[in-house]
Amino acid sequence: MAEQTKITTLEKVVIRFSGDSGDGMQLTGTIFSNLSAVFGNEISTFPDFPAEIRAPQGSLSGVSGFQVHLGSRKVFTPGDKVDVLVAMNPAALKVNKNNLKKNAIVIIDTDSFQKSDLDKALFTTDNPFGELGLNDVQVVAAPISTMVKEGLAEFGLDNKSAVRCKNMFALGLVCWLFERPLEEAMNMLQNKFSKKPTIAKANIKALTDGYNYGHNIHATVSTYRIEGTKADPGFYTDVNGNKATAYGLIAAAEKAGMKLFLGSYPITPATDILQELSARKELGVKAVQMEDEIAGICTAIGASFAGAMVATSTSGPGLALKSEAIGLAVIAELPLVIIDVQRGGPSTGLPTKSEQTDLMQALCGRNGESPVVVMAASTPTDCFDAAFWASKIAVEHMTPVILLTDSFIANGSSAWRIPDMEDYPEIKPNYVSNYKGEAPWKPYRRDHESLVRYWAVPGMEGFAHRIGGLEKDYDTSAISTEPINHQKMVETRQEKIDKIADYIPELEVVGDTGADLLIVGWGGTYGHLYEAMETMQEEGKKVALAHFKFISPLPKNTGEVLKRYKKVVVAEQNKGQFANYLRSKVSGFNPYKFNRVKGQPFVVARLVEEFTKILEA
């Protein structure tokens with residue numbers, strides 16, 4: 001009888017599934033993440049896609065990965081280094097060699113570690129672990145492909161179809177390793193392959209075989225237990241940033257009593273927003289895929305003129321193409337949400353990797369004085385709130401709003417408690433029915449307090465009007481080229497954006513009161529910066545974090561907060577765009593800067609190291 005496996009209880013663990021693009025690592029990681037969320041664990045995920053669409057099989061450039069960090073308390077990042085690596089081929093092992101913790105468990109498919117496979121991954125010996133200096137890891141080596149083919153012989157699948165189920169064998173082995181029951185995973189597979197029952201049964205069989213393999217041999221390693229957390233009552237799901245963004249737009253439209261329209265064009269990594277909204281026709285959503293980026297935003301502007309709540313989704317290259325149309329929405333003063341899921345650049349750059357390099361484009365990337373609201377979501381689940389707020393501001397203040405997310409939070413996921421919409425504020429469009437002025441209504445008549453023009457939707461009797469891309473007279477709304485009028489309209493459009501600071505929350509600081517160092521960030525770096533702050537606090541250092549969601553305009557108390565601290569460091573995934581912007585807005589502000597532009601998320605350990613140097617300087 002086999003010796004009883006040792007069970008180790010951990011507070012948190014990081015697992016990475018890695019292999020060729022065709023090895024199903026994204027599906028494997030997603031199912032394991034969902035299982036962990038159902039089990040009650042906090043999770044944070046990081047899908048890492050290859051930049052090449054069809055990289056050669058087994059090559060280093062073709063490695064696809066999915067990393068998940070799960071814990072018994074709140075986790076904020078997918079983790080720096082991994083406790084468990086599933087490496088389906090030698091290339092996956094080599095690409096991830098620097099991501100392994102000491103004594104990490106590495107699961108490999110020995111059938112995919114033959115000489116030809118080693119050659120493709122540019123190994124020069126037949127000992128990949130020795131060649132990489134990985135002498136302190138625990139290796140679980142199994143002929144996964146062979147066992148899968150033998151185990152699925154009863155289904156009559158061809159070799160290629162059978163071997164494609166090997167990711168489920170690996171998933172079963174990991175489920176055994178972390179004491180995850182298989183029933184929920186089986187349900188997920190049945191739903192995914194509901195139209196292909198034989199494939200569903202084959203995947204479930206492979207999953208079960210992997211679990212039993214670990215149980216029978218006890219795999220020479222410990223099994224691990226990550227206790228679930230006690231969550232607030234409610235309905236929970238695992239959601240990524242793109243899906244949460246789509247849901248936020250839908251929620252805002254329902255709250256405002258408006259129809260939602262999305263005019264868009266597919267682009268990595270924003271396409272899932274278009275796909276999600278196109279599947280929500282039952283909620284009255286109209287999502288239209290146009291022939292290019294310019295047509296996408298122009299259809300949205302047309303729908304906005306017609307009275308709909310509108311959005312367009314894109315990434316950095318598409319934002320550049322949309323710039324002239326955004327200027328049209330600025331001068332016409334029409335509500336419009338532009339979602340920019342940032343990716344590595346310039347040009348095509350790193351289409352599947354993540355950066356924060358579009359900030360200045362969002363702030364200034366249009367001709368003329370063309371002010372817009374700029375916001376940034378901070379986590380996958382925060383994308384819901386950010387999209388809701390972006391829609392609310394756009395509609396209530398008759399302005400384009402650029403919402404910045406990034407590839408990291410758009411594709412990454414977290415456990416999300418489905419919110420109660422009664423907890424969200426009303427959205428009240430400034431319709432012309434609100435106009436109480438003594439002078440006859442004109443298209444650019446404004447509310448005196450907010451400077452927002454009154455919105456007349458076509459079809460309202462008595463409110464026929466014309467707006468467009470030429471400058472209008474402040475009083476008559478007729479076309480005007482008068483210098484004094486243009487100056488007044490330019491200043492009014494900017495003042496209208498500045499006044500939005502009166503309607504947004506003030507900047508909050510978390511961490512130590514009277515901290516010796518304030519960490520400042522924005523957008524999708526929130527989790528890494530928060531975890532760095534926590535780590536430093538555990539080391540006895542007094543640190544705080546101020547993370548910005550609202551960028552243009554800035555919260556009203558920004559200057560007061562930033563000047564409160566002797567040392568401030570602005571950390572961002574660009575060459576210092578936000579730090580320089582803050583310097584231009586806050587007199588006398590001169591922060592330290594931490595900048596990385598690698599296409600990968602921050603490494604918490606590196607942040608702690610650099611912030612500690614600044615603190616102790």
Side-chain angles (χ1 to χ4, degrees), residues 316 319 340 342-346 354-365 371-378 386 402-406 408-409 497-498 501 504 506-511 515-533 536 543-604 606-617:
L319 185 64
D340 174 14
Q342 299 168 95
R343 72 188 205 186
S354 188
E355 287 181 4
Q356 291 183 299
T357 44
D358 293 348
L359 179 59
M360 293 313 297
Q361 181 182 196
L363 290 166
C364 309
V372 300
V373 175
V374 178
M375 295 176 56
S378 57
I402 297 178
L403 172 58
L404 298 172
T405 69
D406 58 55
F408 169 63
I409 61 172
I497 299 300
D498 294 340
I504 61 176
E506 291 195 339
L507 179 64
E508 293 185 359
V509 178
V510 296
D516 298 319
L517 175 68
L518 177 68
I519 302 167
V520 171
W522 65 277
T525 59
Y526 170 80
H528 293 81
L529 297 179
Y530 190 96
E531 193 166 305
M533 178 194 72
M536 295 179 72
V543 191
L545 170 65
H547 205 81
F548 285 80
K549 176 183 288 188
F550 299 94
I551 294 174
S552 175
L554 290 164
K556 293 174 67 174
N557 64 332
T558 296
E560 182 270 322
V561 168
L562 296 181
K563 290 182 175 181
R564 191 188 306 160
Y565 299 89
K566 184 176 180 181
K567 290 185 177 181
V568 180
V569 57
V570 180
E572 48 188 327
Q573 292 178 315
N574 56 46
K575 293 293 290 178
Q577 294 181 25
F578 189 53
N580 293 337
Y581 173 69
L582 287 175
R583 289 178 64 183
S584 73
K585 294 293 184 180
V586 181
S587 176
F589 180 61
N590 189 26
Y592 293 90
K593 296 192 290 186
F594 179 86
N595 306 108
R596 291 292 182 274
V597 197
K598 295 183 175 182
Q600 294 290 324
F602 280 146
V603 176
V604 173
R606 189 82 177 92
L607 292 172
V608 171
E609 180 183 347
E610 291 299 319
F611 295 166
T612 300
K613 288 180 182 178
I614 294 170
L615 187 61
E616 296 177 349

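None of these values were measured; they are calculated from a predicted model. All values below were derived from every heavy atom in this structure, side-chain atoms included, with hydrogens, water molecules and symmetry-related copies excluded.
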Could you list the residues that satisfy side-chain hydrogen bond (donor to acceptor under 3.5 Å, both in side chains) with [X], not counting sequence neighbours?
X    : result
T357 : E355
D498 : Q494
R606 : E610
Q573 : none

How about CD on E609, more than 12 heavy atoms from neighbouring residues, nucleotides or ligands closer than 6.0 Å, or not? yes
Checking [X] side chain against [Y] main chain: does a donor-acceptor pair fall under 3.5 Å?
X    : Y    : answer
D340 : G316 : yes
H528 : F602 : yes
D406 : I409 : yes
T612 : V608 : yes

For [X] against [Y], the heavy-atom pair lying closest together:
X    : Y    : answer
E506 : N557 : CB-OD1, 3.4 Å
F550 : P555 : O-CD, 3.4 Å
L562 : V586 : CD1-CG2, 4.1 Å

Could you give all pairs that pass the salt bridge (charged side-chain N to carboxylate O under 4.0 Å, His left out) test and reach residues 545-573, with sequence neighbours left out? D382-K549, D502-K556, E560-R564
Donor-acceptor pairs are to be reported for all side-chain atoms of residues 593-601 against protein atoms at under 3.5 Å, with residues two or more places apart or in another chain.
residue, atom, partner, partner atom, Å
N595, ND2, N574, O, 3.2

Going by the ring-ring contact (aromatic ring centres under 6.0 Å, His included) test, name the single residue among Y526, W522, F578 that passes it with F548. F578
